[in-house]
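Structure first, commentary second.
This is a predicted model, so every value here is computed, not measured.
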Amino acid sequence: MIRTLNKKLNKSTQILIFLSLFGFSLGLFNNYRDLWMNANNLNASSISRVIGISSIITVLVLLFFTLKVSTSKLKDGITISLILKMLTSTILICLNNTNKVVLIKFLMFFDIAFTELILSSIYPLIMTINKNDEIYTKKDVVESLFNKLGFLIASIILGKTIGSKVIDYNICYLLSVIFLFISFIVFTNINLKNNKANNNLDLKESFKYFNKNKVFLLFLVTNLISGIVWSSIMGMPLLTLTEKLNFKPEIASYIILFLGIISNILAIIIVKYLKFKNDHINMIFKFGLRIIFYLLIFLIGSKEILLIGIIYLLLSECIYNFIFSGYFINKVDEKYSLFLVVLKYCTSLLGNGLGTIICGITYNLDIKYFALPALIIGIIHYIIGTILITKKN
């Protein structure tokens with residue numbers, strides 16, 4: 001039945017269907033991953049290291065794939081990653097409440113890494129079929145939309161009782177694996193054999209190009225620091241809201257979900273109607289106001305100010321992304337555009353990983369010191385971002 005349906009759909013649509021199922025699978029559990037690990041006796045510091053190190057592992061593997069593996073073999077790589085993710089996730093479900101902390105941490109490193117590897121490989125795969133801005137936008141919208149839908153369903157059913165069974169984080173994990181398996185079936189039935197093989201990237205030639213156009217390197221540094229700043233506060237959002245600010249998991253879920261949806265809507269409105277021509281103004285609204293909140297959290301050190309700061313961070317997550325990303329991705333030589341996209345993704349992952357580790361280190365400190373790294377690194381990011389905008393203009 002799936003093969004018959006696939007014959008009637010073009011390959012881009014088939015991949016988007018896979019991505020919707022995969023995104024829904026992630027939404028069912030990924031947001032609760034921190035709480036699942038915490039319930040299995042991992043403290044905030046351990047959780048931050050698991051997330052941080054897995055991000056670094058993903059960056060290394062992704063760079064290896066980009067440099068050594070041709071895009072014609074991407075489907076095989078994604079298929080293997082899906083199988084390994086299903087395997088590690090199933091074992092982790094079985095390890096729930098067994099107190100095997102070391103094994104859980106070890107497997108979780110790779111479970112997160114497989115997830116990121118699959119997500120990062122989808123766009124290069126799509127580019128072998130249909131290279132245009134529309135399909136790139138559809139990819140982001142589909143993954144984000146169905147991820148939020150999965151998160152919403154999990155938020156609704158969490159804590160509910162079916163028969164004598166209470167829906168907990170582990171059952172959400174099980175549901176996630178079920179939809180992961182369905183996405184795997186869809187993906188393996190996509191016929192990509194006729195794609196033309198792309199040659200491996202010429203590293204020496206790429207190095208010369210980016211060394212000559214150093215503004216792209218500055219863009220990547222800005223992207224890296226941005227990830228560090230964000231994750232030093234938001235590396236473990238649900239854990240921060242439930243443990244540090246004493247919200248119930250269900251309420252914390254709705255806060256993150258609701259503000260995420262509003263942020264998406266605001267991004268659409270701003271791009272369509274409020275896109276200021278002056279990037280310095282956009283910079284102030286997104287990153288300048290964040291620094292003010294970091295400063296207030298540091299000076300006042302109250303839970304209320306921290307909550308207001310987190311709310312603004314979540315609201316501003318998607319808005320004004322065009323300040324840097326779109327411009328530089330479109331300006332790079334087409335020959336290196338895919339490589340720049342991969343490097344951007346890698347620097348984001350590396351930044352988020354390092355920021356999450358910082359979040360774990362400061363997590364148990366007083367609230368003012370919890371925000372101090374974000375304040376210091378945020379100021380550095382703002383200065384470098386301002387220089388980048390000047391060079392862009």
Side-chain angles (χ1 to χ4, degrees), residues 31-32 34-35 38 44 47-48 51 144 148 151-152 155 225-271 274 276 280-321 323 351-352 354-383 385-386:
N31 296 285
Y32 295 106
D34 301 346
L35 299 182
N38 188 242
I47 293 170
S48 69
I51 297 171
S144 177
K148 285 182 172 63
F151 189 17
L152 176 62
S155 302
I225 298 175
S226 176
I228 295 174
V229 178
W230 170 266
S231 293
S232 64
I233 293 283
M234 299 301 297
M236 300 176 288
L238 268 177
L239 199 63
T240 300
L241 287 172
T242 53
E243 284 204 346
K244 218 167 183 64
L245 298 177
N246 303 318
F247 283 98
K248 291 182 179 179
E250 296 85 353
I251 302 298
S253 301
Y254 286 125
I255 289 173
I256 294 174
L257 181 63
F258 179 67
L259 293 175
I261 292 171
I262 292 179
S263 181
N264 280 316
I265 295 172
L266 285 174
I268 294 170
I269 294 172
I270 286 171
V271 168
L274 302 172
F276 303 113
H280 290 286
I281 296 176
N282 299 324
M283 188 83 170
I284 290 170
F285 273 103
K286 179 155 187 173
F287 298 110
L289 289 179
R290 287 183 179 185
I291 291 174
I292 292 173
F293 278 115
Y294 300 146
L295 181 61
L296 288 174
I297 295 168
F298 175 69
L299 293 175
I300 300 172
S302 70
K303 291 184 177 181
E304 291 77 16
I305 297 297
L306 176 59
L307 176 60
I308 294 171
I310 288 175
I311 288 172
Y312 184 75
L313 283 171
L314 290 170
L315 281 175
S316 61
E317 182 181 5
C318 297
I319 66 174
Y320 299 116
N321 284 342
I323 301 174
N352 289 335
L354 294 173
T356 302
I357 291 172
I358 293 172
C359 183
I361 293 170
T362 61
Y363 187 82
N364 292 317
L365 300 178
D366 188 82
I367 286 176
K368 61 166 61 179
Y369 299 112
F370 178 62
L372 184 58
L375 174 61
I376 296 171
I377 305 171
I379 293 171
I380 296 171
H381 173 257
Y382 194 92
I383 293 170
T386 302

Distance col, row L307:CG vs I297:CD1, nearest 0.5 angstrom, shows 9.5 Å

Sorted by chain and number, sequence neighbours left out, ring-ring contact (aromatic ring centres under 6.0 Å, His included) with F287 holds for H381

Heavy-atom closest pair (I358 atom, S232 atom, distance to 0.1 Å) is CG2-CB, 4.1 Å

Residue set satisfying side-chain contact (heavy atoms from CB on, under 4.5 Å) with I284, at least two apart, ordered chain then number -> Y382

Closest non-hydrogen contact found for Y363 with L239 is OH-O, 2.9 Å

With sequence neighbours left out, the residues meeting side-chain contact (heavy atoms from CB on, under 4.5 Å) with L259 are I255, I311, L314, L315

Problem set entry | Any side-chain heavy-atom pair of P249 and L35 under 4.5 Å | yes

Any non-hydrogen side-chain atom of L295 less than 4.5 Å from a side-chain atom of I292?
no

Applying side chain to side chain donor-acceptor pair (under 3.5 Å) to N352 and not counting sequence neighbours gives S231

CG (D34) and OG1 (T242) are apart, to the nearest 0.5 Å, by 8.5 Å

Closest non-hydrogen atoms of L241 and A252, given as atom of the first, atom of the second and distance, are CB-CB, 3.8 Å

When rounded to the nearest 0.5 Å, the distance separating NZ of K148 from CD1 of I261 is 7.0 Å

Shortest non-hydrogen pair, I251 vs F247, comes out as CG2-CD2, 3.7 Å

- Trace of the side-chain contact (heavy atoms from CB on, under 4.5 Å) decision for I310 with L245: CA-CA 11 Å; I310 288 175; L245 298 177; 4.0 Å; yes

### Query
Taking C-beta and beyond as the side chain, do I305 and L299 meet within less than 4.5 Å on heavy atoms?
no

Here the gap from I233 atom CD1 to I228 atom CD1, rounded to the nearest 0.5 Å, amounts to 13.5 Å

When every non-hydrogen atom of M236 is compared with those of C359, the smallest separation belongs to CE-SG, 3.8 Å

Scanning both residues in full, the closest heavy-atom pair of G378 with I291 reads O-CD1, 3.4 Å

Taking only distance into account, with no hydrogens and no angle test, what donor-acceptor pairs under 3.5 Å do side-chain atoms of residues 365-374 form with protein atoms, sequence neighbours excluded?
unit_1 : atom_1 : unit_2 : atom_2 : d
D366   : OD2    : K368   : N      : 3.2

Contacts satisfying side chain to side chain donor-acceptor pair (under 3.5 Å) that involve residues 287-304 (not counting sequence neighbours) are R290-S316

Sorted by chain and number, sequence neighbours left out, side chain to side chain donor-acceptor pair (under 3.5 Å) with K244 holds for none

Taken in chain and number order and not counting sequence neighbours, the residues that satisfy side-chain contact (heavy atoms from CB on, under 4.5 Å) with S253 are Y32, F151, S155, L238

So NZ of K286 and OH of Y312: to nearest 0.5 Å the spacing works out to 9.0 Å

